[in-house]
Number of protein chains: 2
Amino acid sequence: MKSREGGFLISKVKQVSSRIFDKKLKSYAVTDLNSAQGRIIFVLWKHDDRSISDLVTDTALSKATLSSMLVRLERAGHVKRTIDKNDKRKTIVSLTEKSKLLKRTYADVSNEMIDLFYQGLSEEQIDAFERTLQHILSNLIKFEEDEP
Amino acid sequence: MKSREGGFLISKVKQVSSRIFDKKLKSYAVTDLNSAQGRIIFVLWKHDDRSISDLVTDTALSKATLSSMLVRLERAGHVKRTIDKNDKRKTIVSLTEKSKLLKRTYADVSNEMIDLFYQGLSEEQIDAFERTLQHILSNLIKFEEDEP
DNA sequence: CAAATATAGTTCTATATCGAACTTTTGTCA
DNA sequence: TGACAAAAGTTCGATATAGAACTATATTTG
């Protein structure tokens, strides 16, 4: 059987790309948002006013992680948290104007990252890659849901 | 242009798979080694007695991260550190007997992870995926080396 | 309806991660 | 050779991350 090390490779890619992403953000004078926080803001740009449970699903982070990250994001003025009127257990996380202004710059950095990622690969290869990645993510999420 | 989010997907896959890996290790009664530490031990299994700089290359972690992780790994008895006779700046990291005994169990957990990862994919798809992953990693590493 | 259970978040504690600044040792070169 | 530069690690302070235990609210069920 062939030896596989997809998980190891993914860890390395994640490590290096986070470092580069953070450096690029700084080079664009984005000093009060890092790549980890950006992942959370990113999902809110796609769908604002989400509960923390929703963000757990969207980001694949634990609720403990999100809880503390949101404190920092709120302190930095990127999001605000309000309690859901209809269900007082829920917290609704919303973007502020400040974070909306960052969207364009963040998108530029993201695009630079994507260009770097996929340098030297064809559209077909990229399509196949992202499809496989999505498939792997589904496998993992299904597993995590089945044995909590 | 098509919207790409490979980096975002990879972050999520890394997040979920690390959580699952840690849970699997515990289920195998491996309580004094987690997945992050395992990544370091893993490269030492492939090539023992490496300097910390070598490990920076092999693991894609920063030297600051490795420095503190190795303290914990040494304290837990998984590795020992010795100063290179010929170059006193260098530290040589070596596996202990204890960590060698873990190799089989760790490999079992790794294989379970790989099976889960690639469930429902063909050998060809997996080959292509790992090749692309390797390509992306090369792109990133080259970039990081070029602008330090 | 009251008690039991489930859901949503927070807090606590520990590890992981990194950049920047630092020390020590080695290498270079005028 | 002596000063300067480069290389190898460590330390420090900050953020990221998660499991376990906890609080508060909502839902289910007898």
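Within every chain, numbering begins at 1; the chains are lettered A, B, ... in the order of the sequence lines, protein sequences first and strands thereafter. Just so it is clear, the structure is predicted and the values come from calculations on it, not from any experiment. The basis for the numbers below is simple: all heavy atoms, side chains too, and nothing from hydrogens, waters or symmetry mates.
Within the 4.0 angstrom heavy-atom criterion, base atoms lie near B:Ala64. Within the nucleic acid shown, B:Thr91 comes within 4.0 Å of sugar-phosphate atoms alone, with no base atom in reach, counting heavy atoms only. At the heavy-atom level, B:Asn34 lies under 4.0 Å from the strands shown only through sugar-phosphate atoms.
A donor-acceptor contact shorter than 3.5 Å links the side chain of A:Glu130 to the backbone of B:Gly6. At distances below 3.5 Å, not a single donor-acceptor pair connects side-chain atoms of A:Glu112 with backbone N or O atoms of A:Lys24. A donor-acceptor distance shorter than 3.5 angstrom exists from the side chain of B:Lys98 to the backbone of B:Ala76, with no hydrogens or angles considered. For the pair B:Asn139 (side chain) and A:Leu116 (backbone), a donor-acceptor distance under 3.5 Å is present.
Distances shorter than 4.0 Å separate none of the side-chain N or O atoms of A:Ser67 from OP1 or OP2 on C:dG9. Within the structure, a side-chain polar atom (N or O) of B:Gln37 is placed less than 4.0 Å from OP1 or OP2 of C:dA16. Proximity of B:Arg39 to the phosphate of C:dT15: no side-chain N or O atom is located under 4.0 Å from OP1 or OP2. Applying the 4.0 Å criterion to OP1 and OP2 of D:dA16, one finds that A:Arg72 has a side-chain N or O inside that range.
Take the nearest nucleotide of DNA chain D for A:Arg75 and for B:Val16: the residue whose nucleotide is more 5' is A:Arg75. Along DNA chain C, the nucleotide nearest A:Gln15 and the nucleotide nearest A:Leu66 are compared for position; the residue whose nucleotide lies closer to the 5' end is A:Leu66.
One interatomic measurement links the two molecules: CD1 of A:Ile83 to C1' of D:dT23, which rounds to 13 Å at whole-angstrom precision. Rounding to whole angstrom units, CG of residue A:Leu61 and P of D:dG19 are separated by 11 Å. Per the geometry, CZ belonging to A:Arg19 stands 13 Å off C1' belonging to C:dA16, to the nearest Å. The separation between B:Lys63 atom NZ and D:dT10 atom P is 10 Å, rounded to whole Å. Spacing between atom CD1 of A:Ile92 and atom C1' of C:dA8 amounts to 11 Å, rounded to whole angstrom units. For the pair A:Asp87 CG and C:dA6 P, the computed distance is 17 Å after rounding to whole Å. The NZ-C1' distance, from B:Lys90 to C:dT23, rounds to 18 Å in whole Å. Atom P of nucleotide D:dT11 and atom CE of B:Met69 are separated by 16 Å, given to the nearest angstrom.
Within residues 45-58 of chain B, no residue has a heavy atom under 4.0 Å from DNA chain C.
Closest approach to the B:Ser62 side chain among C:dT15, C:dT25, C:dC18 is made by C:dC18 (side chain taken as heavy atoms from C-beta onward).
Atom CE of residue A:Met113 and atom CZ of residue B:Arg4 lie 15.5 Å apart, to the nearest 0.5 angstrom.
Atom CD1 of B:Ile83 is surrounded by 12 or fewer heavy atoms from other residues, nucleotides or ligands within 6.0 Å.
Applying the 3.5 Å distance criterion, the base of C:dT24 shares no donor-acceptor pair with the side chain of B:Arg89.
Using modelled atom types, one finds a donor on one side chain and an acceptor on the other under 3.5 Å when comparing A:Ser94 with A:Asp49. B:Ser51 and B:Asp54 form a side-chain donor-acceptor contact under 3.5 Å, judged by distance and modelled atom types alone.
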